[in-house]
Every structure is written in C-alpha cells, then in structure tokens.
Engineer: 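Questions regarding the structure given below will be posed in turn.
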Amino acid sequence: MSESLLKVEGLCAGYGRVPVIRDVSLSVAAGEVVTLIGANGAGKSTLLKAISGLIKPTAGTVIFDGLDVTGTPPERLVRQGLALVPEGRMLFGPMSVHENLLLGGHTQTPEGVRGALERVHTLFPVLAERSSQAAATLSGGEQQMLAVGRALMSSPRLLLLDEPSLGLAPKVIADIFAVLDGLRAEGLAILLVEQDARLALRHSDRGLVMRAGHVALEGTASELISNDDIRLIYLGAWHGEE
Amino acid sequence: MGSAELLQFAVAGLKNGSIYALVALGFTLVFGSTGIINFAQGEFFMLGGMLAVFFVKLGLPLPLAVVAGVLATAVVGLAFERVALRPRRDSGPLALIIITIGGSMVLRSLSRHAFGGNELSLPAFTEGASIVVAGAAIERQALWVWGLTIVAVAGLSWLYSKTRFGRSMRACSLSHEASRLMGIDTARIVMVSFGLAAVLGALAGVVVAPLTQTSFNVGARIGLKGFAAAILGGLGNPIAAVVGGLALGLVESMSIAFISSTYKDVIALVLLLVVLFVRPEGILGRATREKV
Ligand SMILES: Nc1ncnc2c1ncn2[C@@H]1O[C@H](COP(=O)(O)OP(=O)(O)OP(=O)(O)O)[C@@H](O)[C@H]1O
Ligand SMILES: [Mg+2]
C-alpha cells in the first residue's frame with residue numbers, strides 16, 4: 001500500500017470521563033475502502049466522531065494527508081477534505097433538499113458548488129427531482145442519498161460513512177452501494193461502518209473488527225469473509241453462497 | 001368611543017407593538033442560534049437609547065449619534081457573547097441563561113454609573129407637529145418607529161432566506177453538530193447573532209427614546225414585553241416575532257381603551273399565560289420542530 005491518507009495511532013476517546021475507545025490504530029490509503037465492523041456499542045461511531053473532530057481524543061494521534069489533525073474541529077477538517085456522514089444522517093429536516101446540498105458545499109467556492117451539485121445530481125438523480133422538497137419528507141432511502149450527497153458537496157478525499165444501510169430496504173441498500181462502488185472507482189477513499197458485515201466487506205479492500213472499544217482483528221476483505229470467527233459472530237445470520 | 005379615538009388607540013398599539021417586535025426579533029435570533037433565552041436583550045434596548053443620548057451630549061449630530069449608539073451596543077452584544085457566554089458554552093442552557101440574567105444586572109449598573117440615574121431624553125428625529133389622519137394624531141417619531149421596523153424586518157428576512165450566512169444561521173438553529181460537519185463556524189454564528197440582537201434592541205431603544213425618555217432601568221420592562229411577544233409569535237422566525245409584537249401592542253392598547261390603563265402591563269403577562277396554555281407553540285409556531 002502506498003502512503004496512507006488517514007493514519008490513526010493509539011487513539012483514545014470517550015464522553016466526559018467515560019472512555020469508550022482505547023488505543024485504536026488504523027490507516028486508510030488514498031482510494032482505499034476500509035470497513036469497520038463490530039457489535040452494537042463497540043465504539044464504531046465514537047471512533048468516527050473522534051477522527052472527524054466532533055469529540056476530542058484524550059490520547060493518540062490522527063494524521064490526515066500528512067498533517068497532524070488530532071482534535072481539529074470538524075469545521076476545519078472538512079476544508080481539508082475529510083467529510084463524515086453521521087449516524088442517523090443529521091439532515092436539516094425543515095430545509096429543502098437543495099438547501100441541504102448547498103450547506104454541504106458551504107466550504108466551496110460558487111463554481112465549486114455548481115460542479116459538485118452537478119456531480120451529486122448525476123449520482124443521485126432523485127435528489128434533482130426532489131430539489132425543493134423538505135428533507136424531512138423524503139423516504140428513508142432518499143434521506144440517506146441526501147446525506148451522502150451532502151457530504152460529497154465538500155469534494156472530500158476521505159469519506160467517513162456511519163451505517164448508510166440502517167433501516168433501508170435491500171434494493172435501496174444495493175443502490176447506495178452501487179454509488180459507493182462508483183466513488184471508489186473514481187479514487188475516493190472511504191472508511192465505512194456497517195452492521196451488514198458481509199455486504200460491506202464485498203465492497204471493501206480491507207476490514208477491521210472492533211470489540212469493546214479496540215480493534216480486535218483486521219485483514220483484507222477476503223480474509224475476513226473467510227475467517228471462521230467472523231463468520232460465526234458477525235456473519236452468523238447469513239446462509240449459503242451466491 | 002368614536003372611531004377617531006379608536007384609531008388613536010390602534011396607532012399607539014401599533015407603535016408600541018413595533019418596538020416589542022424589534023426586541024422580540026432579538027430574542028428570536030439568539031434563541032435560534034443557541035437555544036437559550038437572552039435575558040439581557042432588554043438591556044440592549046436600554047443601551048441604544050442611553051448611548052445615543054451620550055453621543056449627542058458629546059456633540060455629535062443626531063443622526064450620527066443614533067448610528068453610533070446602535071453600533072456601540074452591537075459591540076457590547078458581541079463582547080457579551082465572547083467574554084461572558086462562550087467560555088461557558090459547554091455548561092448547558094440553564095447556566096447560560098443565568099449568565100444572561102447576571103449580564104443584564106451588570107449592564108444596568110454600569111449604565112447607572114456611567115450615565116447617572118436620571119431620565120434622559122433624545123430629540124425627535126424629525127421636528128414638527130403630529131400628523132392628523134382621520135382624526136387620529138400620529139407623532140412624526142412614530143413614522144420612524146414603523147419605518148425602521150419595516151426596514152429591520154425586511155433586512156432580516158432577506159438575510160435569513162436569501163444569503164449564505166442566513167442559511168448557516170438556520171442550519172445552526174437546527175443542529176450545531178450537523179452544521180459543524182458542513183464546515184460552518186458555529187461559534188461565529190452565535191456571536192454574530194448576539195451582535196444582530198443587540199442592533200435590533202438598540203434600534204428599538206433609540207427610536208423610541210424621543211417619545212418616552214429613557215433611563216438606566218428601562219431594560220427589564222421592555223425585555224419582558226419583547227419576551228412575551230417572541231413567545232406569542234412562537235420563537236420561530238422573524239415574521240412570527242413581528243406578529244407577536246404587534247398583537248401584544250394592540251391588545252395592550254385596546255385594554256387601555258376598553259378596560260383601564262392600570263392593567264396594561266398585567267395584560268401582557270395574562271396574554272402570555274393564556275397563549276402558553278392554549279397554544280404552547282405560539283401563534284405562528286410549529287407544533288413540534290421537525291427533526292430528522
Ligand atoms: N453521546 C454519548 N454520551 C455518552 N455515552 C455515549 C454517547 N454516545 C455513545 N456512548 C456510549 O459509547 C459506547 C459506544 O457507542 P458507539 O455509538 O460508538 O457504538 P457503535 O459501535 O457505533 O454502536 P452501534 O452499532 O449501535 O451504532 C456505548 O456504550 C454508548 O453507550
Ligand atoms: Mg454507531
């Protein structure tokens with residue numbers, strides 16, 4: 001692997017005095033897709049929040065694009081090319097789809113916004129159709145597309161995605177992963193958190209398994225898919241081969 | 001009661017109502033970006049009038065003194081947020097609200113020390129007798145009150161709905177976390193909203209000073225009225241604050257006309273309680289805030 005775009009070392013973080021993640025190290029190379037799997041409460045979302053600056057790490061370092069960005073607030077990190085699609089999407093519900101996208105492009109020049117808007121509308125044509133509709137009135141799938149589209153408006157080089165498939169129908173999940181594959185082909189690096197480990201790993205280069213706040217296991221996607229423990233714990237509900 | 005007399009009361013109601021509306025807009029702005037009620041809002045009103053008087057005494061021509069009074073209050077508003085509130089912004093809304101109450105006391109006593117305890121007056125913006133319309137006399141200063149209210153409301157609506165900054169303010173009022181992920185500097189939005197709230201309060205304070213006189217202790221009463229107006233409107237958007245302010249002014253004025261002036265101030269409170277009871281979301285408020 002070439003020089004990493006994101007390098008996390010010995011990261012610890014939590015809420016108030018309560019530590020949640022401890023000594024987490026990982027890296028994502030430019031253009032690479034890495035999936036984080038782990039049980040509910042393992043600390044996946046907390047890790048993404050600590051990387052993106054929403055919560056301040058208590059120890060460890062986050063290097064993005066060669067710069068130490070540990071504890072840098074998200075409003076600065078997004079300018080450097082790191083965007084987070086948070087758990088639960090956090091759309092601006094009463095505002096229109098168009099305004100949500102414009103907010104996503106807050107850090108961009110007017111020309112940049114125009115270009116990014118065109119790109120997002122091409123990736124998710126439904127967002128162009130629903131431009132003036134309030135975000136809160138979109139279907140779950142459309143909301144997730146808006147959340148991803150909004151993050152792409154900042155033209156990131158690394159996208160952190162927290163459970164994009166949550167609560168969506170299989171068909172919609174397939175649509176979203178098809179778009180992620182497209183972004184991957186364009187060279188966007190993605191750090192993905194997913195409950196559906198098998199699905200996510202099929203669209204990834206590598207994977208990490210988190211357990212109780214630290215990384216318990218990591219490997220290439222195919223290694224993890226064929227790992228017996230993983231099969232048992234995280235892919236247990238899955239039967240048969242395609 | 002004759003129609004001319006009734007009209008006279010309506011004029012007075014709309015005049016006071018506009019003042020309440022400006023102060024209510026200040027509450028709405030700060031509530032939007034922070035989720036807290038700024039109980040120092042009335043002191044911005046007080047400072048606007050007092051500082052304008054001060055600048056007139058310094059020898060500035062009236063228009064300049066008025067502008068200087070409003071701008072100086074804006075600086076106070078910005079500094080108040082930066083110095084008193086921002087360092088404690090993680091302490092939760094209750095702590096911040098208490099800080100605004102403390103801040104209002106500090107501003108009031110500073111004003112008393114600086115400008116004395118007497119009633120002060122500011123010259124009318126335009127000299128001349130009242131204008132008589134259909135038997136009702138309208139002071140020229142009342143036209144200034146309405147004119148400035150309209151300009152302020154239009155300006156604010158434009159800022160809110162048409163500009164990139166206004167869009168960030170609305171985003172901030174929905175979620176600070178999501179706004180920060182977009183790259184919005186929420187701390188700056190909060191500070192600017194205090195500055196704008198101070199401008200609106202001060203504007204109300206200077207424009208009404210020629211009509212009522214002013215002193216270091218006018219802030220609490222007007223703060224209460226503006227707060228009631230903001231709640232009446234629903235703390236939602238600029239238009240709601242204006243509707244709340246005008247409604248309150250008219251109800252007060254009509255209660256003087258038909259009941260008694262003794263109960264004028266009580267009316268605001270009763271109206272507030274009734275609205276909170278019957279329609280907790282305010283006249284124009286949304287029943288529940290939509291959130292995704
Ligand atoms: N805002 C918060 N304040 C306090 N504790 C929190 C907060 N958010 C999460 N936690 C705690 O941190 C731990 C890890 O939560 P986190 O959301 O990171 O898990 P997760 O791996 O993303 O789980 P899930 O798969 O359910 O999303 C949990 O024990 C949770 O209760
Ligand atoms: Mg999570």
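In what follows, every chain begins at residue 1, and chains take the letters A, B, ... in the order their sequences are listed. Computed from a predicted model, the values in this text were never measured in an experiment.
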Engineer: Quick check: are there more than 12 heavy atoms from other residues, nucleotides or ligands sitting under 6.0 Å from CZ of A/Arg157?
Structural biologist: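 Atom CZ in A/Arg157 is crowded, with more than 12 foreign heavy atoms closer than 6.0 Å.
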
Engineer: Check whether more than 12 heavy atoms from other residues, nucleotides or ligands sit under 6.0 Å from atom CZ of A/Arg79, and answer yes or no.
Structural biologist: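 For A/Arg79, atom CZ is crowded (more than 12 foreign heavy atoms under 6.0 Å).
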
Engineer: Within a radius of less than 6.0 Å around CZ of B/Phe277, do more than 12 heavy atoms belonging to other residues, nucleotides or ligands occur?
Structural biologist: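 Result for CZ/B/Phe277: open.
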
Engineer: Any side-chain heavy atom of B/Arg167 sitting closer than 4.5 Å to one from A/His106?
Structural biologist: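 Answer no - side chains too far apart.
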
Engineer: Nearest 0.5 Å please: distance from the CD atom of B/Glu177 over to the CD1 atom of A/Ile55.
Structural biologist: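 The CD atom of B/Glu177 sits 9.5 Å away from the CD1 atom of A/Ile55.
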
Engineer: With a 4.5 angstrom heavy-atom cut-off, is it the side chain or the backbone of A/Ser154 that approaches chain B, or both, or neither?
Structural biologist: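 Neither; nothing under 4.5 Å.
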
Engineer: So A/Met153 and B/Met182, do their side chains get closer than 4.5 Å, heavy atoms only?
Structural biologist: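 In short, these two side chains do not touch, never coming nearer than 4.5 Å.
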
Engineer: Picking from A/Glu75, A/Met95, A/Glu99, which has the most non-hydrogen pairs under 4.5 angstrom with chain B?
Structural biologist: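 Most pairs with chain B among the choices: A/Glu75.
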
Engineer: Do you know which two heavy atoms are closest between B/Leu181 and A/Val78, and how far apart they sit?
Structural biologist: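 Shortest heavy-atom contact: O-CG2, 3.7 Å.
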
Engineer: Testing the basics here: between A/Phe92 and B/Ser175, what is the closest heavy-atom pair and its distance to 0.1 Å?
Structural biologist: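 Of all heavy-atom pairs spanning A/Phe92 and B/Ser175, the closest is CE2-O, 4.1 Å.
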
Engineer: Evaluate whether atom CZ of A/Arg76 has more than 12 neighbouring non-hydrogen atoms of other residues, nucleotides or ligands under 6.0 angstrom away.
Structural biologist: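 Not buried by this count: 12 neighbours or fewer within 6.0 Å.
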
Engineer: For the CG atom of B/Asp185 and the OG1 atom of A/Thr107, what is their distance to the nearest 0.5 Å?
Structural biologist: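 One gets 13.0 Å once the value is rounded to the nearest 0.5 Å.
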
Engineer: Starting at NE2 of B/His176, measure out to CE of A/Met90 and round the result to the nearest 0.5 Å.
Structural biologist: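 The distance works out to 13.0 Å.
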
